[in-house]
Amino acid sequence: MVCVARTARRVSGRLLQLADDIRALEARLRLGGGPDKIEKQHKQGKLTARERVERLADPSTPFLEIGLLVAHDRYDGQAPGAGVITGIAMVEGREVVVVANDATVKAGSWWPETITKILRAQEVAMRCRIPIIYLVDSAGVNLPYQGGVFPGQYGAARIFYYNSIMRRYLRIPQFAAVMGQCVAGGAYLPALSDVILMVKGTSFMGLGGPNLVKGATGQTVDGETLGGAVTHTEISGVAHYALDDDPACLDKLRELVARLPRPQQSAQIAWRPPAEPPSTLYDVLPADHRMSYDMRAVLKALLDEGKLDEFQPNLAKEMICGDAHIEGIPVGIIANQRGLIKGRPGERPRFGGIIYAESAEKVAYFIERCDKQGIPILFVQDVSGFMVGPDAEHEGIIRAGARFVEAMACARVPKIVLTVNHASGAGYYAMAGQGFDPDFILSWPTGRMAVMEGEAAVQAVHGPALDAAKKSGQEPAREVLDAVEGMRVDYETQLDARYAAARGFVDTIVYPEDSRDLLAMALRAANQNRGPHLGAFVLPPMPTVGGE
């Protein structure tokens, strides 16, 4: 399991600095509970969660990790990764969702965000129709935070709901390896899987541990007798395989995955590298996020041979639409062009990154065409919103925008998002924002997600007071200046990609040189479901209740 190697570069700037900062943060988070906890895990004869994922995956293949930064800025830093690793790994040559409890973080107990990450991983498995593997090593609910874990529609119970839907109706293979503790309600996660593996001497599964049994019934029993691997494979029959150690357990999981029928995928044409190496993407974005650049330069480093067969290239040039391939996989591209866009003779120029009525209609038609032809869509976001003003309103921007949103929301093909810069206003929604359930949402370190930029928010809220002070020739009141500065600071914090990633608004922050490989991985995974990609999952046709 490797990330694409970072190429030596001579450039510097905003993207590079943000990338370096996030790399440092990720390196710290990947240590989980720290070296002491890792050593303790090893002394118990167990691999760490990251070691397990790496051993499970095919050598030298990418790992699309989902939610590494979730909760990193909460709980005084005591919940790195929310105590669970989630993502897509290659196992025996196929994409598989992996959920691995990190026992170095509070014994793998569940924080509120742990539930969020597990549910997101299950939704990926359901939407893509790919197998899911649970590597279980958890002490259960983190009791001080049970209010955010136990109750509610999206509390821990929904994990078991998704387990059941996958098992009964979607027929998605679920493998659970109990490689440590698995107690109380958490035991239903493996119990609702198709196959359960346990490790002799280090794993335990039970609705209550020895201490709880002692308190509730007065019986004294050791963990191995109560719920160890031998007990559950030879007496209760709850588990199916008892393995000698972690490596043997992971090897067995690989064997089980290898036995599954191979996914039916459309034939892929031979592919060639992009026109520009992905490392050159660090040269593309300007140091100031407000400045213009050429989105086609980004696409040249992402697409096979950099080729884009543009759809209506001379119409509504602020929106780029076209057909391309990424590692041989056909994909429809929808991207925002930045800068000042020259209009037709006699027309005023348009602002790039803004969606006009004409561009909304163009993109809506292109989305519907992709949907009819079964072509997945990649949205490359650098959008500041829809155009406002008398001209826009008279052109029917509301109607055109609604058509754009409806076409995107109802498209049944896979939708993948890559945010390279701005993701603002209703334009963010139209470009497959999270609320519309895209299959994957990736962001560069430069991604900026908010209803608007900080200066625009300052003008919207404090503009009248600032203008009144200017007209009077006086300084604004101290409380106004303080409020303005506070809003600027708040917005700059919340516009940071790390803020979005910490709250699960994006699946992962990717680096430019890794983007193409991970986009291809996401496309391969999503394409395994040839059915509609709508919502968390779509049930196959079945008889009506009470019918034949």
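Bear in mind the structure is a predicted one, so any value in this text is a computation, not a measurement.
Side chains of Leu170 and Arg129 form a contact here, defined as non-hydrogen atoms less than 4.5 Å apart. Side-chain contact check for Tyr134 versus Val98: every heavy-atom pair is 4.5 Å or farther apart. Using a 4.5 Å heavy-atom threshold, the side chains of Lys415 and Asp437 count as separate. Put simply, the side chain of Thr48 does not reach to within 4.5 Å of the side chain of Lys37, judged on heavy atoms. Considering only heavy atoms from C-beta on, Ile172 stays 4.5 Å or farther from Ile130 through its side chain.
The salt bridge (charged side-chain N to carboxylate O under 4.0 Å, His left out) with Glu92 is formed by just one residue from the set Arg254, Arg259, Arg262; it is Arg254.
Pairs engaging residues 60-77 under the salt bridge (Lys or Arg N to Asp or Glu O under 4.0 Å) rule: Arg50-Glu65, Asp73-Arg503, Arg74-Glu113 [sequence neighbours left out].
The main-chain N or O of Lys252 is never found under 3.5 Å from a side-chain atom of Glu255 such that the two would form a donor-acceptor pair. Side-chain N or O atoms of Arg52 include one that pairs as donor or acceptor with a backbone N or O of Met179 at under 3.5 Å. Although no hydrogens or angles enter the test, the distance criterion places a donor-acceptor pair under 3.5 Å between the side chain of Asn101 and the main chain of Asp137. Between the side chain of Asn529 and the backbone N or O of Arg127, at least one donor-acceptor pair lies under 3.5 Å. Checked by atom type and distance alone, the side chain of Thr231 never pairs as donor or acceptor with a backbone atom of Gly227 at under 3.5 Å. Gln181 places no side-chain N or O within donor-acceptor distance of the main-chain N or O of Met205, the cut-off being under 3.5 Å.
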Going through the distances and angles, do His72 and Glu26 end up as a side-chain hydrogen bond (donor to acceptor under 3.5 Å, both in side chains)?
-> CA-CA 10 Å; His72 80 87; Glu26 289 182 336; over 6 Å; no

Which is it for Gln381 and Tyr428 under the side-chain hydrogen bond (donor to acceptor under 3.5 Å, both in side chains) test, yes or no, and what are the steps along the way?
-> CA-CA 8 Å; Gln381 287 185 348; Tyr428 159 69; over 6 Å; no

Determine, stepwise, if the pair Lys214 / Thr220 fulfils side-chain hydrogen bond (donor to acceptor under 3.5 Å, both in side chains).
-> CA-CA 6 Å; Lys214 175 72 173 177; Thr220 300; 3.1 Å; yes

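No donor-acceptor contact under 3.5 angstrom links the side chains of Gln146 and Asn142, judged on distance only.
Looking at Glu327 and Arg524, a side-chain N of the basic residue comes within less than 4.0 Å of a carboxylate O on the acidic one, giving a salt bridge.
Few gaps surround NZ on Lys46; more than 12 heavy atoms of other groups in view lie less than 6.0 Å from it.
In this structure, Arg158 forms a cation-pi arrangement with Tyr154, its terminal cationic atom sitting closer than 6.0 Å to the ring centre and no more than 45° off the ring axis.
Aromatic pair Trp111/Tyr75: ring centres closer than 6.0 Å.
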